[in-house]
Protein chains: 2
Amino acid sequence: MPPGTRARARAETSRAILDEARRQLAEHGAAALSLRSVAREVGMVSSAVYRYVASRDELLTRLIVEAYDAVGERAEAARDPEAPAREQWRAVWRAVRAWAHEHPAEYALIYGSPVPGYAAPVETIPAAGRVGVVLAAIVVEHGDPSGVAPWPEVLRADVLPGLPPALSVPAVVAWTQLYGTVGFELFGQYENVVVDRDAYFDAVAAAAATSVGLPEKI
Amino acid sequence: MPPGTRARARAETSRAILDEARRQLAEHGAAALSLRSVAREVGMVSSAVYRYVASRDELLTRLIVEAYDAVGERAEAARDPEAPAREQWRAVWRAVRAWAHEHPAEYALIYGSPVPGYAAPVETIPAAGRVGVVLAAIVVEHGDPSGVAPWPEVLRADVLPGLPPALSVPAVVAWTQLYGTVGFELFGQYENVVVDRDAYFDAVAAAAATSVGLPEKI
DNA sequence: GGCCTGTCAAGAGCACTGCTCTCGCTTTGT
DNA sequence: ACAAAGCGAGAGCAGTGCTCTTGACAGGCC
């Protein structure tokens, strides 16, 4: 038996657990995620799962990190640096919205209310900012501070490096607007209010683009 | 024994259950809310609680309605119709934020991700719109459509009666921004990003006021 | 080769949950 | 006064997270 057998088997089991957990998360939501049922589906007994995952909270944490990475990757992939600024902006917004519609439970997990008695651990912090970074990159390259209204300086200076100070606050505001719009749509607050969700979303995206000084396409 | 004893006792028990449930919600979060532990604290056995509440989900639904009403009431109380438009606007925004800080679990319950396998029932819909109605009322009275950029018409016509069509979409956008800003702050996304949260929030509120055509105070 | 140590899956078990059903007791309406 | 309805208590079922112990297997060392 070649050495490394054990390590490979462990890695495979680990992946199987994570995959099944994400499947159950998508199907029944975060609170219904059960370690025992994951174990059943993977084909082992619940206590064995604890060899791979310290607790249910740790399993959730791993899913959170994976979800942040997935939506961040999607946002990065949607951005074509050669395209006009507003097209880039709209593509990233749409990508985040599309990802949220495809993975509502995961979106809720990362951007919704934190699960019960669960404090987001440190390891989620780096992954959390990826969407914001993509948006900021577009603003860094194409944002024109001259047209935008002044904002107070209320941010940490080092958080969005390269961003003109006049645009850093509107960038955070725009990021918030993206989150809020997708969240409201996903969690049902636009029910019976907004009828043409696609058009509404694009309009909000366009307004946000203006607010961060992206040039109008003429 | 005077008649009505039973009805009064029932009302009192009902209140006690709701109060204890809200207490536990505030302390441990929605997912940790347990009917059995509510029963223990109220001083009865768990099966007896089912005489008052059909299920755990129904208990959550009642808490949701109460929370919507509470934040709505707070928003209504914060609005002084005699004050200048932008002051009214800011007061309502601040009231919602303050309520959210005082009742984070309840805010998460109503505006955060829906709890596991739980579909918001019909009875929550009327209560849900109260904050939006207060904001809309300010815009109806003081909003000036002339200065605001045009938006596509994507809303249900009857949802915000009295609102100039040109201002209805920005009003929904502003409402979304309020929700997103409070949510991001509450759920930790502004950690290490926004340092002066008060100033940031007021700035966002002011920008939103402009977007719905409230007159600048000169 | 043989052994020994560390890893693994499995099972039993504890304390907890939501929910149902049955049992008596008390209050209510007739 | 009597039947009907409402009520609290208890037992019980199926499920959960998590711990501990047991026995089997693979890895590296001699």
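What you see below is based on every heavy atom in this structure, not just the backbone, and it leaves out hydrogens, waters and symmetry mates. The chains referred to below are lettered A, B, ... by the order of the sequence lines, with proteins before strands, and numbering in each begins at 1.
Between B/Tyr179 and A/Phe184, the gap from one ring centroid to the other is short of 6.0 Å.
Contacts with DNA chain C (heavy atom under 4.0 Å) in residues 33-49 of chain A: A/Arg36, A/Met44, A/Val45, A/Ser47, A/Ala48, listed by number.
Atom CD in B/Glu58 sits roughly 10 Å away from atom P in C/dC19 (whole-Å rounding). Distance B/Ile17 CD1 to D/dG8 C1': 12 Å, rounded to the nearest Å. Between the CZ atom of A/Arg51 and the P atom of D/dT21 there is a distance of 13 Å, rounded to whole Å. Residue A/Gln24 contributes atom CD, which lies 9 Å from atom P of D/dT16 at whole-angstrom precision. Atom pair A/His28:NE2 and D/dT16:C1' shows a separation of 15 Å (rounding to whole Å applied).
In this structure, B/Arg130 pairs ionically with B/Asp69, as a charged nitrogen and a carboxylate oxygen lie closer than 4.0 Å.
Remark: A/Tyr52 is in phosphate contact with C/dA9, judged by side-chain N or O atoms under 4.0 Å from OP1 or OP2. Within the structure, every side-chain polar atom (N or O) of A/Arg56 is placed at least 4.0 Å from both OP1 and OP2 of D/dC18.
Over its length, the helix from C/dG1-D/dC30 to C/dT30-D/dA1 turns its helix axis by 10°, as judged from the five terminal pairs at each end, rounded to 10°.
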Given B/Gln177 and A/Thr176, is the side chain to side chain donor-acceptor pair (under 3.5 Å) satisfied, shown in steps?
CA-CA 7 Å; B/Gln177 184 69 266; A/Thr176 307; 4.9 Å; no

Evaluation steps, side chain to side chain donor-acceptor pair (under 3.5 Å), between B/Ser34 and B/Gln24:
CA-CA 8 Å; B/Ser34 145; B/Gln24 293 199 11; 5.5 Å; no

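Under the 6.0 Å distance and 45° angle rule, A/Arg197 does not count as a cation-pi partner of A/Tyr190.
Ranked by how close their nearest DNA chain C nucleotide is to the 5' end, B/Tyr50 and B/Ala7 are led by B/Tyr50.
Looking at heavy atoms from C-beta onward, A/Tyr107 lies out of side-chain contact with A/Val71 at the 4.5 angstrom threshold. Side-chain contact check for B/Tyr111 versus B/Leu186: every heavy-atom pair is 4.5 Å or farther apart. Residues B/Leu35 and B/Tyr50 meet the side-chain proximity criterion, which asks for heavy atoms closer than 4.5 Å.
Here the CG-OH distance, from A/Leu59 to A/Tyr52, works out to 14.0 Å after rounding to the nearest 0.5 Å.
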